[in-house]
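Input: a single structure, listed below in structure tokens.
As a basis for the values below, the full set of heavy atoms in this structure was taken, side chains included, without hydrogen atoms, waters or symmetry mates.
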Amino acid sequence: GALRRAPAPERVEGELPPEATLSVAARAATTPGGSDCAAQAQFSAAWAARMPEAFPVYPRGAVHEAAGTDAGQCRLRVVNFSTPVTVTDVLDFYYTRAMADGFVVQRIMQGPDSVLGGVRQGRSFMVFARSAAGGQTSVDLVTTGG
């Protein structure tokens, strides 16, 4: 289907409240179910190919680094990549995919990063996108859950 435009970023002063969608998504990415999944993650480009169907590496994305784990109850995927499209194009792509998959989504600006994230039934995702040299967009994509 057609791409949907991601919402304009919210302006946030200080820390997000704990009930904010991005706060919930960040906590899930850090310690879903109380486990320290990040400490169990292993680095390998193979994790980029194991991203959830709703959140693949952006088309024409060049993977720089990837990590993940399926240990215990952890289902964590982290990938850093660059792509020759704008930050807006990247965010619209992931927003469209998240909405099609039923996620509740929020967007903020955090320093130089445009952050898009969401939650749905024990799953979460976060996209950190920023302009990089040579007309590239640098992206960190984090997913947790099934």
Side-chain angles (χ1 to χ4, degrees), residues 1 3-4 6-7 9-10 12 14-134 136-146:
L3 284 181
R4 297 174 66 176
E10 296 177 33
V12 178
E15 292 190 27
L16 286 169
E19 68 278 3
T21 300
L22 281 176
S23 295
V24 173
R27 282 195 307 275
T30 305
T31 57
S35 299
D36 186 359
C37 295
Q40 299 178 53
Q42 297 187 359
F43 286 84
S44 168
W47 289 105
R50 297 177 67 189
M51 297 300 291
E53 186 178 334
F55 302 104
V57 172
Y58 189 89
R60 296 188 306 153
V63 173
H64 301 289
E65 192 170 43
T69 183
D70 285 331
Q73 296 199 4
C74 296
R75 298 291 177 268
L76 175 67
R77 309 282 187 269
V78 181
V79 64
N80 169 265
F81 63 91
S82 59
T83 183
V85 299
T86 66
V87 168
T88 299
D89 288 344
V90 169
L91 295 178
D92 289 350
F93 174 80
Y94 287 110
Y95 178 73
T96 299
R97 296 192 65 94
M99 296 304 289
D101 208 30
F103 278 78
V104 175
V105 178
Q106 182 179 22
R107 180 179 171 199
I108 65 167
M109 287 300 295
Q110 185 176 40
D113 289 345
S114 206
V115 183
L116 182 74
V119 293
R120 176 182 178 248
Q121 299 174 341
R123 297 167 49 205
S124 70
F125 81 96
M126 294 187 75
V127 177
F128 300 85
R130 70 209 66 78
S131 295
Q136 296 284 306
T137 294
S138 179
V139 180
D140 295 308
L141 174 60
V142 181
T143 67
T144 65

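Summarising the geometry of C74 relative to Q40, their closest heavy-atom pair is SG-NE2, 3.8 Å, with the distance given to 0.1 Å. Considering every non-hydrogen atom in both A67 and A41, the closest pair reads CB-CB, 4.3 Å. The minimum heavy-atom distance between V105 and A98, with the atom names listed, is CG2-CB, 3.8 Å.
For the ring-ring contact (aromatic ring centres under 6.0 Å, His included) condition, the pairs that include at least one residue of residues 48-68, sequence neighbours left out, are F55-F103, F55-F125, Y58-F93. The list of salt bridge (Lys or Arg N to Asp or Glu O under 4.0 Å) pairs with a residue in residues 81-106, not counting sequence neighbours, reads R5-D92, D101-R123.
Counting only heavy atoms from C-beta outward, the side chains of V63 and V57 approach each other to under 4.5 Å. With a 4.5 Å cut-off on side-chain heavy atoms, V85 and V90 count as touching. Residues L91 and S114 have side chains in contact (heavy-atom distance under 4.5 Å, counting atoms from C-beta outward).
L3 CG to T88 OG1: the interatomic distance, rounded to the nearest 0.5 Å, is 11.5 Å. Atom CG in D113 sits 9.5 Å away from atom CE in M126 (nearest 0.5 Å). The CG atom of L141 sits 10.0 Å away from the CG atom of L116 when rounded to the nearest 0.5 Å.
At distances below 3.5 Å, not a single donor-acceptor pair connects side-chain atoms of Y94 with backbone N or O atoms of A54. With hydrogens and angles ignored, the 3.5 Å screen pairs no side-chain donor or acceptor of R77 with any backbone N or O of G68. Side-chain atoms of D140 do not come within 3.5 Å of backbone N or O of V78 as any donor-acceptor pair. Remark: the backbone N or O of Q42 is paired with a side-chain donor or acceptor of W47 at under 3.5 angstrom.
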Test side chain to side chain contact (heavy atoms under 4.5 Å, CB included) applied to E10 and Q106, step by step: CA-CA 8 Å; E10 296 177 33; Q106 182 179 22; 3.2 Å; yes

Side chain to side chain contact (heavy atoms under 4.5 Å, CB included) between M51 and V79, intermediate numbers included: CA-CA 9 Å; M51 297 300 291; V79 64; 4.1 Å; yes

From CA spacing to verdict: side chain to side chain contact (heavy atoms under 4.5 Å, CB included), Q110, F128: CA-CA 9 Å; Q110 185 176 40; F128 300 85; 3.8 Å; yes

Check against side chain to side chain contact (heavy atoms under 4.5 Å, CB included), V127 and V115: CA-CA 6 Å; V127 177; V115 183; over 6 Å; no

Steps toward side chain to side chain donor-acceptor pair (under 3.5 Å) verdict (T83, T137): CA-CA 5 Å; T83 183; T137 294; over 6 Å; no

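Not counting sequence neighbours, the partners of S138 by the side-chain hydrogen bond (donor to acceptor under 3.5 Å, both in side chains) test are R130.
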